[in-house]
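Structure first, commentary second.
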Amino acid sequence: MHKNKLTIAILFGVSSFTLGCNNSTEQNAATTPIVEKAPEQSTLKARFKDHFKIGTAISRDQILGVLPDDLNVAKAQFNTFTPENSMKWERIHPQPDVYDFEAPDALVEYAQENNQELVGHTLVWHSQTPDWVFEDEQGEPLTREALLKRMQDHIFTVAGRYRDRIFAWDVVNEALNEDGTLRESKWSTIIGDDFIEYAFTYAKQAAPNAKLYYNDYNLYKPEKRAGALALIKNLQSKGIQIDGIGMQAHYSLDNPELSLMEDSIVAYAATGIDVMITELDISVLPFPESEEQGADISLDIALQERFNPYPDGLPSEVNKQLGKRYKEVFAILKKHGDKISRVTFWGVSDARTWRNDWPMQGRTDYPLLIDRELKLKSFVNDL
Ligand code: G3I
């Protein structure tokens, strides 16, 4: 049997196991038995079926079956998947001649066999891209032409591999600053601002039937919204295909003001492309006032206890606030269900969300709809 087929057979054939309850994002862990098979009609994907697809980010360990209970819950609850890390450049193409397709292949195969939408994440990003990508063999910065060639080779190899087997790609990720201007990165510095146009053009050539998206955080902000609209319209004016915009939605109990999110949904939809909520989670933890909320992963602050108030469980009052906040978010999303094609949570359960480690490592957060025991939170019934 082909190695990937074997992996899938092992993974997806397993029905009940054990799961980790620690806070690490991609580690196997201690054991707490459970996992009940959710009745089909009470799943998240059934609950929102008249509005949008409902998805999750899925880690390498989940895909490859190191965490079979997580995988079973993800399969039961969601109908669209995004690899959390395994298609990022540093993972899928760590060295010039080395590609690691193990987890991506398994996920693509699963999605295809089960007719699920898979969103590739991500082809061009300033982050999680090895330094060698931007340098020649002497360690000198590449020329514009050489970096464009490297971008093209990467996109052709990765997106080309899954050409007709992947639903969509986050082609460019997080290219904007908070004020809506273009972020300075090695991509923009060496190639120029048109690196985005080239990325979308190469993606279209490599996977002509895939939907092509721009994805970013804090897209509710009016200034950043203006930048994103300019980016979309620039591509459209040049006849370069862009099919959708992903609003990441790493929120908290008091941020953002949801009318801003709604205004952005309406404004993006007016350009004629799909709007998606791509990385939804709502942190219940205090956030250092000096820092920008969002998803800048270069932020890494030393752990302080006052920022980790619920290490032993979430008080019911705060859980109620979380339920209320989710209800408000979903009321807006459902109201605009005609514009929103997908809502994806960034992670399967609270046990392994990235929010436990950002902007400080080792906190205990509760940002998702599935708790550490892999059960749906009770407030889901109100959404
Ligand atoms: O797997 C290794 C582990 O073996 C090692 O011991 C450990 C030591 O630090 O690192 C582990 O890798 C970490 C990985 O997450 C898995 O936990 C990386 O250090 C860490 O950088 C990585 O963070 C990911 C982050 O993107 C950077 O790629 C998060 O899981 C992932 O949720 C996050 O996702 C991003 C989206 O792609 C884009 N939007 C923002 C979002 C949240 O930051």
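Start at 1 and go down the list; that is how both ligands and their atoms are numbered.
Ligand 1 does not have Glu90 within reach: every non-hydrogen atom of the residue lies 4.0 Å or more from it. In this structure, Arg60 does not count as a contact residue of ligand 1, since none of its heavy atoms falls inside 4.0 Å of the ligand. Under a 4.0 Å heavy-atom criterion, Arg91 is in contact with ligand 1. Using a 4.0 Å heavy-atom cutoff, Trp358 is absent from the residues neighbouring ligand 1.
Within the structure, ring pair (Phe, Tyr, Trp, His ring centres under 6.0 Å) pairs that include any residue of residues 41-66 comprise Phe48-Phe52, Phe48-Phe330 (at least two apart or interchain).
Classification of the Trp187-Phe134 ring pair by plane angle, with boundaries at 30° and 60°, yields perpendicular. Using cut-offs of 30° and 60° on the angle between ring planes, the pair His154 and Tyr99 is parallel.
For ligand 1, none of its N or O atoms has an N or O atom of Asn173 under 3.5 Å away. The shortest N/O to N/O separation between Lys88 and ligand 1 falls below 3.5 Å. Not one N or O of Trp354 is nearer than 3.5 Å to an N or O of ligand 1, by distance alone.
Short contacts between ligand 1 and His250, defined as distances under 4.0 Å to a heavy atom of the residue, involve ligand atoms 40 (C), 41 (C). Each of the atoms 27 (C), 43 (O) of ligand 1 lies under 4.0 Å from some heavy atom of Ile297.
Asp61 and Arg352 are not joined by a salt bridge, as no carboxylate oxygen comes within less than 4.0 angstrom of a charged side-chain nitrogen. Ion pairing of Asp131 with Lys186 is present here, as a side-chain N (NZ or NE/NH1/NH2) and a carboxylate O approach within less than 4.0 Å.
Taking each of Met87, Glu279, Glu84, Gln128 in turn, the one with a heavy atom nearest to atom 40 (C) of ligand 1 proves to be Glu279.
For Arg372 and Tyr366, the positive end sits near the middle of the six-membered ring, less than 6.0 Å away and at most 45° from its axis.
Not counting sequence neighbours, the partners of Lys324 by the salt bridge (Lys or Arg N to Asp or Glu O under 4.0 Å) test are Glu328.
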